[in-house]
Amino acid sequence: MTGLGAVLAVTAVALGAAMQRATGLGFALVAAPFLVIILGPFSGVVLANLLSAVINVAVLCTTLRGLRGRLAAEMIVGVLVAVPLGAWVVTALPGPLLLIGVGTVTAASVAWVAHGNPVPILRRRGGPLLSGFTSGFFNTTAGTGGPPLAVYALSTNWEQRSFVPTVQLVGLVTNVLSLAAKGPPQLSWPLLLSCVAAMAVGLAAGQVLSRWLPEDRARRWVVALALIGSVVAAGKGVTALW
């Protein structure tokens, strides 16, 4: 990896961490497409899973009081079913197709959330299970498990105070299972340590942002950054096929 590539990866991690702390989601949406572009579809997604797990723990520790444990448990059941399927897809698809898949899944997920379309079926009894399954599959294959949970929140009018810690717990379990299924990324220690430092900076910035930045504006930033990265990732996959 070039020096410029490392700088871009660290910057994407910092921006994603800031968005995650400010809105409850956003780290993987912002960082994963750029990490995939720089490191490749497999290592990029695995690194996104690893860093996301660290972010989940950090945010959960500061928002634990609002956790809805029963709802998290229902979603995690869906995750347990989805992760092995997602891990199989990741190992079966060639690199270019996986790049296209990551970019397309992320772009479609972000567009759906941005449009604000509720899904009435998620209000039914099996809604948390379905949301957890979709989140687990997207997380394992593309590193972006947040949008299905955001759609569930939109569809059920889930308030922000309990949404943030609950999705951190679901995300933490998903990321740990994804890493167990796919194995650790083969990356240099300097890059990993730089990413961890970037996360710390991003979380601190997100703490400040959460106090004065309106939630709707922060979400628009997440959408814009995620769309840019996902379109570039898909384009790189198409180019590689040629």
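Being a predicted model, the structure only gives us computed values, none of them experimental.
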Could you tell me whether Arg161 atom CZ has more than 12 heavy atoms of other residues or ligands within 6.0 Å of it?
->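 Open: at most 12 neighbouring heavy atoms sit under 6.0 Å from CZ of Arg161.
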Please say whether more than 12 non-hydrogen atoms of neighbouring residues, nucleotides or ligands are located less than 6.0 Å from CG in Leu193.
->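 Yes, enclosed.
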Does [X] share a hydrophobic cluster with [Y], counting links as ILVMFWY side-chain heavy atoms below 4.5 Å and allowing steps through other members?
X	Y	result
Val201	Leu191	no
Ile121	Val81	yes
Val176	Leu60	no
Val83	Val77	no

Working to the nearest 0.5 angstrom, can you tell me the gap between [X] [atom1] and [Y] [atom2]?
X	Y	atom1	atom2	result
Asn49	Ser178	CG	OG	4.5 Å
Met75	Ser135	CE	OG	8.0 Å
Arg124	Thr156	CZ	OG1	14.5 Å
Cys61	Gln168	SG	CD	10.5 Å
Thr166	Glu74	OG1	CD	11.5 Å
Arg68	Phe163	CZ	CZ	11.5 Å

I need the minimum non-hydrogen distance between [X] and [Y], along with the two atoms involved.
X	Y	value
Ala12	Ala31	O-CB, 3.8 Å
Ala53	Leu172	O-CD1, 3.6 Å
Ser52	Ala48	OG-O, 2.6 Å
Thr140	Gly136	OG1-O, 2.8 Å

Between [Y] and [X], is there a side-chain heavy-atom distance shorter than 4.5 Å?
X	Y	answer
Ser131	Leu122	yes
Phe27	Leu15	no
Thr174	Val170	yes
Val79	Asn139	no
Tyr152	Leu71	yes
Leu129	Phe133	no

Thr134/Val151 under side-chain contact (heavy atoms from CB on, under 4.5 Å): CA gap, chis, key distance, verdict | CA-CA 11 Å; Thr134 310; Val151 172; over 6 Å; no
Identify which one of [options] satisfies the side-chain contact (heavy atoms from CB on, under 4.5 Å) criterion when paired with [X].
X	options	answer
Leu50	Ile55, Asn175, Val196, Leu179	Leu179
Leu8	Val13, Leu35, Ile38	Ile38
Val59	Asn56, Thr63, Val57	Thr63

Would you confirm whether Ser162, through its side chain, and Trp158, through its main-chain N or O, come within 3.5 Å as a donor-acceptor pair?
->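 Answer holds: no.
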